[in-house]
There are 2 protein chains.
Amino acid sequence: MQKASEPKKRANLRDVAKAAGVSVATVSRVLNEPGLVKKDTLEKVQAAIATLKFVPSAAARAINSGRTRFVGALIPTLDNAIFARFLAALERKLSEHQLSLVVATTDSNPDTEAEKAKSLIDIGAEGLIVTGATHCAAMHDLLERTMIPTIITSFYESDNALPTIGYDNAAAAQLALHHLAELGHKDIAVVHGPVRDNDRTRARLDGLKTYVFDGKLTTFETQISHQGGANVADHICSLPRLPDAILCLSDVVALGVLLGLQASKISVPEQVSMIGIDDLPTSAVTVPPLTSVHLPVSQMGERAADGLAQWITTQQAPHSEKLHARLIVRNSTRSLL
Amino acid sequence: MQKASEPKKRANLRDVAKAAGVSVATVSRVLNEPGLVKKDTLEKVQAAIATLKFVPSAAARAINSGRTRFVGALIPTLDNAIFARFLAALERKLSEHQLSLVVATTDSNPDTEAEKAKSLIDIGAEGLIVTGATHCAAMHDLLERTMIPTIITSFYESDNALPTIGYDNAAAAQLALHHLAELGHKDIAVVHGPVRDNDRTRARLDGLKTYVFDGKLTTFETQISHQGGANVADHICSLPRLPDAILCLSDVVALGVLLGLQASKISVPEQVSMIGIDDLPTSAVTVPPLTSVHLPVSQMGERAADGLAQWITTQQAPHSEKLHARLIVRNSTRSLL
DNA sequence: TTGACATATGTAACTAGTTTCATCAACCTC
DNA sequence: GAGGTTGATGAAACTAGTTACATATGTCAA
C-alpha cells in the first residue's frame, strides 16, 4: 500500500532526525532543551525542522507527559453578558497557569451538558468548570468514573461533593428584595428565567419566598433575553394595576423590561421601581441607571481558574468559596415612604 | 470530599487486559467494535473496565488516528452578542461534523491572536476559524508553516490566500448610509469602534468614504460597548448642533448611543435618526426599535463550520463565500424630505 | 599514563492506544 | 475425512514523541 513517493505526509521526529543525520533523542533535545546540544548540531537540526516544516504532534507529547494542558467549561449560553464576563476572567487566569480553555454551551439542558462533558473528556480535558450543582445521572456517573477535577460555579454550597466557587443565590435575591421592602414596596413583580434545570434561578426564588415581609410577590417566567424581558413588560402593563416594583433575577431581563416599560410610556422609578441582579456594565448606562445586586463573576472566574489549576497539579481538591454579592443603588428604585 | 492520598494511577488498556485475562487487542475491540467480540468475553472485559474505572486516553487515540476532533476559533471578544451568536451557530454545526470547538479570545490584539493560535495548535487543533484578514507576521508564519486549515470570517475578499466566509463590510456600511441619504440626511455622525487592528471597522469606514453623497460625515471612535456608545452620545449632545443622523457601525454601540441620547432627553428619530449595523435581536425591542443592517452571522457560522470540516476531511480548501447583508427598517430613522 | 569528569550524542525502552496478521477451533461442504 | 470458510482471539508491529542509560570524545589533574 505504501508507494515510494507519498504526496504529503506530515514530517515526524524520525524524519527530521534522518534529514539532519542525528538521532531522535537529539531532535527531541533541540525541541525541549536546546542548551544540551552543540551549536552546529543545533543548527543542522533546526534547518531540517524548517525545510521539513516539522510541527511536533500534540498527541504524542500528551501521551508522554499525561498532560493536555486544557480544561473545559460548561456554561448555559454565551448569549448573556454575565457568562461572557465570567469566561473572560476564567480564561485570563487559566492562561497564567499555562492552561487553555475549551468552552461548551449546554443551553441549560442537562443531557446536552452530559454529552458535551463526555466529549470534552474524550478530547482530553484535564478538568472541568460547570455551572450550577444540578446535573443529570449520566453527568454524575461520568464525573465519578473519570474522577476528573471539576469545580461548580455560580453556586455556593459548603457541603457539596464537589467544590463550589460562587455566591449564595438566595442571599443575593434577598438583598434585592430587602432593598425594595425597606423602600416600602408591597406589591412586587418578580421576573425570572426558566426554572426548569436551573438551580440558580430556583435558589433565588426560594430566597425570595423565605424572606419574611408583609407584601405580595407575583412571579413571571420568561426567556433570559432583552426580548424576553420586553415581553413580560408588555404583559405587566396590560394588568389592571401596576405593581409597586419589579424585581428581575437577571440584569439582561431587567433591561428588556425597562425597554418594554418605556415603550408603554411607563416611567421608572416614578410609576414602578426596578431592581436587577448581576450588575452588568450596561446597567450603569440604562435610563434610568439600574439598581442591581453585583455578582462578582470576574473574581469567580479567577478563583475557579486558580482552584482548578491547583487541583490538576497537586491532585488536591480546593475548598469551596463563598463570594459576596452586594447591592448597588442607582436611580431605578425610589422610596414609597 | 476527595481523599488526597490515593495511589491513583489511571488504569490503561494493558491493565484492563490483564484483569480480564484477555489480550490488549480484545479490549481495544470491546471499545471500538464490540460486535467482533464474543458475548461472554465482552462482559468480562466490560466488568474489568468498570471495576478499574478505565477511561481511554484521548492522546493515545489521537496519536493513532492523527485526529483530535477539535478546532479552534479566534474571536476578538465574547463581550459582544454578535460573536456569541456566531459561535453558537458555529459550534452547533461543527458538532454535526463530530468536531468540538475551542474558543480563544484575542482582545483584537494581533500578538495575542498569534499566541493563542500557537497554543491552539500546540494542544492539537485540527483547524482554525479566525476573525478578519489582518494578522501579525508571527501569525502568518505560523499558518504557513503548519499549513493548518484556516478560514477567515466576518470578512469577504475573493482573492485572499485563505478562504474567507463573510460579508462585504464596505457594502454593509454603504447600505446604512444609502438609507440615510435617501431620507435626506446631510449631516451624519458615524460612531465606530477602535480602528487599530480591526480591518472590519476599517472596511466599513472606507465604504462610507467612497460612497458619493452631498453631505458631511463626522466620525467618532469609542469602545464597542453600551458604555462606549453612551459616552459618545454625551459628547454629541454637547456639540453646538446635533447631527441629522447617527450611523453606528455596530448595534451594541448603537444601543449605547440610544441610551445616552435618551439620558439627555434627545428623542429618536424626531431630533436625530439612528441606524446600526449587526441587527441583534435586542435591536427589535429598543425604544424606538432600531433600524439596522442585518449581518447573517448564524449563516456565517454554519458555512464556516461546513467549510472547515470539509477541509479537514478532504484536504481540499473550500471556496470563499460572500454572504449578503440587508437593511432592516424599523422606527429609528425618519425622512427629512 | 591513567583515572576522573563533563559534554555531546545515540540506543532502546518506555508512554497508551490501534491495527495487521497469524492462529486455532468450529462448522460446512463435497 | 479432506478442504474451505468463518469467528474469536492473541502476538507483535505500529503511531510520535520522551527519557533512562550507554557510549564516545575531550579536558584536566594526579
Side-chain angles (χ1 to χ4, degrees), chain A residues 1-2 6 8-49 52-69 121-126 146-148, chain B residues 8-49 52-69 121-126 146 148:
Chain A
M1 162 172 180
Q2 211 79 345
E6 276 292 295
K8 49 176 165 208
K9 196 185 58 174
R10 241 179 73 172
N12 64 25
L13 249 200
R14 264 104 186 155
D15 298 332
V16 175
K18 198 176 293 176
V22 298
S23 72
V24 291
T26 300
V27 180
S28 181
R29 284 185 200 108
V30 169
L31 259 29
N32 301 304
E33 290 189 276
L36 297 180
V37 181
K38 217 199 333 182
K39 189 142 170 273
D40 55 344
T41 317
L42 187 86
E43 282 161 7
K44 256 192 327 192
V45 173
Q46 282 172 335
I49 286 176
L52 292 177
K53 294 187 180 179
F54 168 70
V55 183
S57 143
R61 277 214 161 131
I63 208 179
N64 287 291
S65 64
R67 308 254 351 229
T68 54
R69 306 233 62 104
I121 292 169
D122 278 350
I123 67 175
E126 294 188 58
T146 60
M147 289 189 298
I148 186 169
Chain B
K8 50 179 309 183
K9 53 227 161 226
R10 248 176 65 172
N12 64 26
L13 250 199
R14 263 109 187 151
D15 298 331
V16 175
K18 198 177 292 175
V22 298
S23 72
V24 291
T26 299
V27 180
S28 181
R29 283 185 201 108
V30 169
L31 260 29
N32 301 303
E33 292 189 274
L36 297 180
V37 181
K38 218 199 334 181
K39 189 146 169 271
D40 56 344
T41 317
L42 187 86
E43 281 161 7
K44 256 192 324 190
V45 174
Q46 283 170 336
I49 287 176
L52 292 177
K53 293 187 181 182
F54 168 70
V55 183
S57 144
R61 277 216 160 128
I63 208 179
N64 287 291
S65 64
R67 308 259 345 236
T68 55
R69 305 232 65 103
I121 292 169
D122 278 350
I123 67 175
E126 294 189 57
T146 60
I148 186 169

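In the text below, chain A, chain B and the rest are named by the order of the sequence lines, each starting its count at 1. Just the heavy atoms: all of them, side chains too, but no hydrogens, waters or symmetry mates, feed the values below.
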| Between B/D15 (side chain) and B/N12 (backbone), is there a donor-acceptor pair under 3.5 Å? |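 Answer holds: yes.
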
Could you check if a side-chain atom of [X] sits within less than 4.5 angstrom of a side-chain atom of [Y], using non-hydrogen atoms only?
{"X": "A/L31", "Y": "A/R61", "result": "yes"}
{"X": "B/T41", "Y": "B/Q46", "result": "no"}
{"X": "A/I123", "Y": "B/T68", "result": "no"}
{"X": "A/V22", "Y": "A/V45", "result": "yes"}
{"X": "A/V24", "Y": "A/S28", "result": "no"}

| field | NZ (A/K44) with more than 12 external heavy atoms under 6.0 Å | value |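 For A/K44, atom NZ is crowded (more than 12 foreign heavy atoms under 6.0 Å).
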
| task | At the 4.0 Å heavy-atom cut-off to chain A, mark where contacts on DNA chain C begin and end, going 5' to 3'. | result |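 First-to-last contact on DNA chain C, by the 4.0 Å heavy-atom rule, is C/dA8 to C/dA16.
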
To the nearest 0.5 Å, what is the distance between [atom1] ([X]) and [atom2] ([Y])?
{"X": "A/I121", "Y": "A/T146", "atom1": "CD1", "atom2": "OG1", "result": "4.0 Å"}
{"X": "B/R14", "Y": "B/S23", "atom1": "CZ", "atom2": "OG", "result": "10.0 Å"}
{"X": "A/L42", "Y": "A/I49", "atom1": "CG", "atom2": "CD1", "result": "8.5 Å"}
{"X": "A/L52", "Y": "A/L13", "atom1": "CG", "atom2": "CG", "result": "11.5 Å"}

| request: Please identify each residue that fulfils side chain to side chain contact (heavy atoms under 4.5 Å, CB included) with B/K53, with sequence neighbours left out. | output: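 B/K53: no side chain to side chain contact (heavy atoms under 4.5 Å, CB included) contacts found.
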
| task | List for me each residue that meets side chain to side chain contact (heavy atoms under 4.5 Å, CB included) alongside B/S65, sequence neighbours excluded, and say none if there are none. | result |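 B/S65: side chain to side chain contact (heavy atoms under 4.5 Å, CB included) contacts with B/R67.
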
| note | A correct 5'-to-3' footprint of nucleotides 5-10 of chain D, with B, S and - meaning base, sugar-phosphate only and no protein heavy atom under 4.0 Å, is ---SBB

| Taking five pairs at each end, how big is the angle between the two axes of the helix from C/dT1-D/dA30 to C/dC30-D/dG1, to 10°? |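 End axes: 60° apart.
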
| field | Length of the CG-C1' vector between B/N64 and D/dA13, whole Å | value |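 These atoms are roughly 12 Å apart.
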
| message | Quick check on contacts: within residues 52-62 of chain B, what sits under 4.0 Å from DNA chain D by heavy-atom distance? | response |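 Residues of residues 52-62 of chain B under 4.0 Å from DNA chain D: none.
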
| task | Return the 5'-most residue of the pair A/R14, B/N12 with respect to DNA chain C, ranking by each residue's nearest nucleotide. | result |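 Upstream on the strand: A/R14.
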
